[in-house]
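Written out below as structure tokens is the structure these notes cover.
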Amino acid sequence: MTPVDDLHALLVCPACRGALAWSQAEGRCASCGRAYPVLDGIPVMLVERSAAEHDEIEHLHGHQHKHQQAAFFDRELAEEFEITRPHGTPALYRWLLVEKFRRSMTGLEAAVPGATALAVCAGSGMDAELLARAGARVIAADISLGAARRARERARRHGLAIVPLVADVEGLPFADGSLDLVYVHDGLHHLEEPTRGLQEMARVAGRAVSVTEPARAAATALAVRLGLALEQEDAGNRVARLTPAEVADALRARGFEIVHAERYAMYYRHEPGRAFRLLSRPWLLPAVTAAWRAANAAIGRAGNKLTVSAVRAAAPRAASACVPARPTAAGKEPTAARER
């Protein structure tokens, strides 16, 4: 079976969860009759199809686009950055992102190898790549078709077990408990009601859920006042921040047990600047990371980030054989010490 055929076997209608009959051009629901197109080889599983036209590039880099000619080149550069991030960035920036991922996997390390994982709000696939390098077979789902295309290009360049999908986290096209692990990194805070996305994640997760989001904290409120954090994104939507207790309570209500929950402090801009290049110098980086760890040990519980890991209380099911097998030649997880 091809990777797309394997993904088709997992998908259901996001409107009624009916079975889908697939042709080369679309999947059609046998129950409600809705059709879901396959665009550029990527299934677009949205009830409201126009939502796929949104692209993260617009709000991540929109402030740069002052003139039409500049916008064309800025977009090309922005797309390349999203496809490759964190490869090629300063060592401290890479270290922070890998550390963030490591914390999000606390208590779930044994569940990742061989798992079928769904990364929601996946953007251009950075977190999907980290999951794939940890041994999972990954579906990278985002509401943006542009992001799905970039995630596919990331997977192609690095030989990663990642399949792209256009889907809305508030209406996931999967049956209950059909995936081993469902993962989100800084995606729910884009939603008007983050708990709706969290409930959908829990619904389709058969084994585990991992959530990493901005935390509602005094430090964050101060950062907003100082202009270091956003209260409202460039796209106009409010940045909805959560607490570990809110995430944990929502997951418990869906039959999960919490294996790890914490707040910690971390700050980086989406695109690293001159300060990150300076702090990434080999003679300085060990001291910077050691100071960061010491600071988090002292005051991390009041930090601006949260992570919650949970496992389903019922006995785990066998991992799905769908989506592509992990390539034998896949590289190791990127680290701050390795420049790519």
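The figures that follow rest on heavy atoms only: side chains count, while hydrogens, waters and symmetry mates do not.
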- request: Verify whether one side chain among Y93 and R277 offers a donor that lies under 3.5 Å from an acceptor in the other.
  value: no
- prompt: Would a 4.5 Å heavy-atom cut-off, applied to side chains only, mark V138 and V163 as touching?
  reply: no
Salt bridge present between E262 and R301 (N-O < 4.0 angstrom): no
message: Looking at every heavy atom in both L191 and P194, which two are closest together, and how far apart are they?
response: O-CD, 3.8 Å
task: Kindly determine whether I139 and L10 satisfy side chain to side chain contact (heavy atoms under 4.5 Å, CB included), including the steps that lead there.
output: CA-CA 11 Å; I139 301 165; L10 281 172; 3.8 Å; yes
query: Taking the side chain from T195 and the backbone from L198, do they hold a donor-acceptor pair closer than 3.5 Å?
result: no
- prompt: Applying side chain to side chain donor-acceptor pair (under 3.5 Å), which residue pairs with at least one partner in residues 11-29 are found, sequence neighbours left out?
  reply: E26-R28
Side chains of Y183 and S104, donor plus acceptor under 3.5 Å: yes
field: Note, V247 side chain near L251 side chain (heavy atom, < 4.5 Å)
entry: yes
Validation row: L11, Y36 side chains within 4.5 angstrom (heavy atoms): no
statement: Of all heavy-atom pairs linking P164 and R152, the shortest is CG-CB, 3.7 Å
query: Which distance, rounded to the nearest 0.5 Å, do you find between the CD1 of I42 and the CG of L145?
result: 5.5 Å
- prompt: Distance-only, no hydrogens or angles: does the S178 side chain make a donor-acceptor pair with backbone N or O of F174 under 3.5 Å?
  reply: no
- request: Answer yes or no: is there a donor N or O on one side and an acceptor on the other, between the side chain of R34 and the main chain of G27, under 3.5 Å?
  value: no
- prompt: Can you tell me how far the OH atom of Y267 sits from the CG atom of N304, to the nearest 0.5 Å?
  reply: 10.0 Å
query: Does a side-chain N-to-carboxylate-O contact under 4.0 Å join E99 and R102?
result: yes
- prompt: Which atom names give the shortest non-hydrogen contact between L108 and A310, and what distance separates them?
  reply: CD2-O, 4.0 Å
message: side chain to side chain contact (heavy atoms under 4.5 Å, CB included) for L279 and L285? Distances and angles first, verdict last.
response: CA-CA 6 Å; L279 295 173; L285 181 63; over 6 Å; no
- prompt: Passes side chain to side chain contact (heavy atoms under 4.5 Å, CB included), L160 versus R133? Steps please.
  reply: CA-CA 8 Å; L160 299 168; R133 292 188 184 280; 4.0 Å; yes
- request: For the pair E257 and R252, find out whether any cationic side-chain nitrogen is under 4.0 Å from an anionic carboxylate oxygen.
  value: no
Between OG on residue S309 and CZ on residue R103, distance to nearest 0.5 Å: 11.5 Å
task: Locate the shortest heavy-atom distance separating L97 from P86; write the atom from each residue and the value.
output: CD1-CB, 3.8 Å
Sole residue of C13, C16, P14 in side chain to side chain contact (heavy atoms under 4.5 Å, CB included) with V47: P14
Distance flag, aromatic centroids of F101 and H185, threshold under 6.0 Å: no
Student check: side-chain heavy atoms of E246 and T243 closer than 4.5 Å: yes
message: I'd like to check R154 versus M126 (side-chain heavy atoms, cut-off strictly below 4.5 Å). Are they in contact?
response: yes
query: Are the side chain of R150 and the backbone N or O of G125 linked by a donor-acceptor pair below 3.5 Å?
result: no
query: Any sub-3.5 Å donor-acceptor pair from R263's side-chain atoms to G303's backbone N or O?
result: yes
message: Between the side chains of D186 and K100, is the shortest nitrogen-to-carboxylate-oxygen separation below 4.0 Å, so that they form an ion pair?
response: yes
task: Decide yes or no for T307 and T106: does some side-chain heavy atom of the first lie under 4.5 Å from some side-chain heavy atom of the second?
output: no
Point-to-point distance, once rounded to the nearest 0.5 Å, from CG of L131 to OG1 of T116: 11.5 Å
- prompt: Taking NZ, NE, NH1 and NH2 as the nitrogens, is one of them in E153 or R157 under 4.0 Å from a carboxylate oxygen of the other?
  reply: yes
message: Please check: side-chain N/O of R137 versus main-chain N/O of G114, any donor-acceptor pairing under 3.5 Å?
response: yes
query: Does a sphere of radius 6.0 Å around CZ in R203 hold more than 12 heavy atoms from other residues, nucleotides or ligands, not counting ones at 6.0 Å or beyond?
result: yes
Trace of the side chain to side chain contact (heavy atoms under 4.5 Å, CB included) decision for M105 with H260: CA-CA 9 Å; M105 288 288 100; H260 179 74; over 6 Å; no
task: Please name the pair of heavy atoms, one in L181 and one in V209, separated by the smallest distance, quoted to 0.1 Å.
output: CD1-N, 4.2 Å
statement: For I162 and A132 the tightest heavy-atom approach is CG1-CB, 4.1 Å
- prompt: In terms of the angle between their ring planes, are H158 and H87 parallel, tilted or perpendicular, with boundaries placed at 30° and 60°?
  reply: tilted
query: T212 versus V308: any side-chain heavy-atom pair under 4.5 Å?
result: no
- prompt: Quick one: does S31's side chain have a donor or acceptor within less than 3.5 Å of a partner on G18's backbone?
  reply: no
query: Is there a donor-acceptor pair closer than 3.5 Å between any side-chain N or O of D142 and the backbone N or O of V120?
result: no
- prompt: Quick check, are the ring centers of Y268 and F276 under 6.0 angstrom apart?
  reply: no
- prompt: Should D176 and V204 count as side-chain neighbours, where that means a heavy-atom distance under 4.5 Å?
  reply: no
- prompt: Can you tell me if D180 uses its side chain to pair, donor with acceptor, with the backbone of A115 under 3.5 Å?
  reply: no
message: Please determine whether a side-chain nitrogen of the Lys or Arg among R196 and E170 lies less than 4.0 Å from a carboxylate oxygen of the Asp or Glu.
response: yes
- line: Taken to the nearest 0.5 Å, the spacing of C121 SG from E213 CD works out to 7.5 Å
